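Since the model is a prediction, treat every value here as computed from it, not as a measurement.
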Amino acid sequence: VQLQAFGGGLVHAGGSLRLSCDISGFSLTHYAIGWFRQAPGKEREGVSCISSRGDGRYYADSVKGRFAIARNNAKNTVYLEMNGLKPEDTALYYCAAESSWSVHSCRLGAVTDYSYWGQGTLVTVSS
C-alpha cells in the first residue's frame, strides 16, 4: 500500500497549484482520502478530505472557497486544486487513506484517523 503526493512547487501569492496523490497497491474505490499539511514549527493539520464514494467533501475553514478536492478512481488518483494561494499555505502537503468509515464519510480531525500515509510534497508561496 503506497501513496505518493506530488505537484508541489514555488508560486507567488495568488497563484495556483494542483497536487496529485497517486495510490498503488490497493484500489482507491474503498478508501477515503485526506490531505494534510505541516508548516515549519507547527502541527500537521487537515486541509481537505473526500469520501470513498466521492459525495462527501470537507475543507478546513482556512481553505474553503480556494481549494477543491476531487478523485478519479479509474486512475487511482486524488487531486487537490489550490487557487488563491497565500504565504500561510506554505507547508509540506501529505495525502492519507482510510477504509474504515462509511462510503459517504471522511474526517479532517486527528492524524491518527488515517492508516496509510504518503510522503509529502512541498508547497512554497512567496509574498
Side-chain angles (χ1 to χ4, degrees):
V1 175
Q2 287 190 325
L3 296 91
Q4 179 64 52
F6 61 94
L10 172 63
V11 296
H12 292 299
S16 299
L17 281 174
R18 187 176 78 161
L19 304 184
S20 299
C21 178
D22 280 356
I23 291 89
S24 60
F26 61 92
S27 172
L28 180 60
T29 305
H30 304 295
Y31 287 79
I33 301 295
W35 281 99
F36 288 74
R37 67 186 181 187
Q38 189 165 17
K42 295 188 177 181
E43 292 187 353
R44 196 171 297 188
E45 63 174 357
V47 175
S48 181
C49 66
I50 187 167
S51 64
S52 62
R53 185 67 61 85
D55 55 350
R57 293 180 175 87
Y58 301 95
Y59 299 92
D61 289 342
S62 58
V63 306
K64 277 181 183 175
R66 301 188 297 122
F67 289 13
I69 192 170
R71 62 191 293 148
N72 185 327
N73 287 350
K75 293 185 176 181
N76 251 24
T77 301
V78 174
Y79 305 97
L80 184 69
E81 188 75 37
M82 305 187 297
N83 300 306
L85 283 163
K86 304 175 181 180
E88 51 263 44
D89 294 317
T90 295
L92 199 56
Y93 283 71
Y94 300 87
C95 56
E98 178 58 41
S99 64
S100 65
W101 306 320
S102 123
V103 296
H104 307 294
S105 300
C106 63
R107 298 179 188 177
L108 279 181
V111 168
T112 52
D113 285 341
Y114 287 81
S115 298
Y116 304 102
W117 288 83
Q119 293 183 323
T121 185
L122 181 62
V123 173
T124 304
V125 185
S126 63
S127 56

- Item | Cationic tip of Arg18 above Tyr79 ring, under 6.0 Å, 45° of axis | yes
- Message: What's the separation between atom CG in Leu92 and atom CD in Gln119, rounded to the nearest 0.5 Å?
- Response: 9.5 Å
- Pair Trp35 and Tyr59, ring centroids less than 6.0 Å apart: no
- Query: Is there a side-chain contact between Leu19 and Tyr94, using heavy atoms and a 4.5 Å cut-off?
  - Reply: no
- Compare all side-chain heavy atoms of Cys106 with those of Tyr58 and state whether any distance is below 4.5 angstrom. yes
- Task: Go through the steps for Cys95 and Val78 under the test side-chain contact (heavy atoms from CB on, under 4.5 Å), then give the verdict.
- Result: CA-CA 9 Å; Cys95 56; Val78 174; over 6 Å; no
- Mind listing the closest non-hydrogen atom pair of Ser51 and Arg71 along with its distance? O-NH1, 2.7 Å
- Query: Of all heavy-atom pairs between Asn73 and Thr29, which one has the smallest distance, and what is that distance?
  - Reply: ND2-CA, 3.9 Å
- Item | Spacing of CD belonging to Glu43 relative to CD belonging to Gln38, to within rounding of 0.5 Å | 8.0 Å
- Item | Linked, directly or transitively: Trp101 and Trp117 (ILVMFWY side chains, under 4.5 Å) | yes
- Query: With a 4.5 Å heavy-atom cut-off, do Asp113 and Glu98 have their side chains touching?
  - Reply: no
- Message: Which residue is it: Thr124, Val125, Val123? I am looking for the one with a side-chain contact (heavy atoms from CB on, under 4.5 Å) to Leu17.
- Response: Val123
- Message: If I take atom CG from residue Leu3 and atom OH from residue Tyr114, how far apart are they, to the nearest 0.5 angstrom?
- Response: 11.5 Å
- Message: Do Tyr116 and Val103 land in one hydrophobic cluster if side-chain heavy atoms of ILVMFWY residues count as linked below 4.5 Å?
- Response: no
- Query: Is there a donor-acceptor contact under 3.5 Å from the side chain of Asp22 to the main chain of Gln4?
  - Reply: no
- Query: Arg37 versus Ser62: any side-chain heavy-atom pair under 4.5 Å?
  - Reply: yes
- Candidate pair Tyr31 and Ile50, rule side-chain contact (heavy atoms from CB on, under 4.5 Å), full reasoning: CA-CA 9 Å; Tyr31 287 79; Ile50 187 167; over 6 Å; no
- Item | side-chain contact (heavy atoms from CB on, under 4.5 Å) between Arg66 and Asp89, worked out | CA-CA 11 Å; Arg66 301 188 297 122; Asp89 294 317; 2.7 Å; yes
- Should Gln2 and Ser24 count as side-chain neighbours, where that means a heavy-atom distance under 4.5 Å? yes
- From Lys86 atom NZ to Ser127 atom OG, the distance as rounded to the nearest 0.5 Å: 14.0 Å
- Locate the shortest heavy-atom distance separating Ser16 from Asn83; write the atom from each residue and the value. OG-OD1, 2.8 Å
- Message: Let me confirm one number: the CZ-CG distance from Arg57 to Leu108, rounded to the nearest 0.5 Å.
- Response: 13.5 Å
- Note on the structure: Separation between OG1 (Thr77) and CG (Leu28), nearest 0.5 Å, reads 7.5 Å
- Query: Please walk me through it: do Tyr93 and Val47 pass side-chain contact (heavy atoms from CB on, under 4.5 Å)?
  - Reply: CA-CA 9 Å; Tyr93 283 71; Val47 175; 4.3 Å; yes
- Item | Minimum heavy-atom distance Ala91-Leu122, with the two atoms named | O-CD1, 3.6 Å
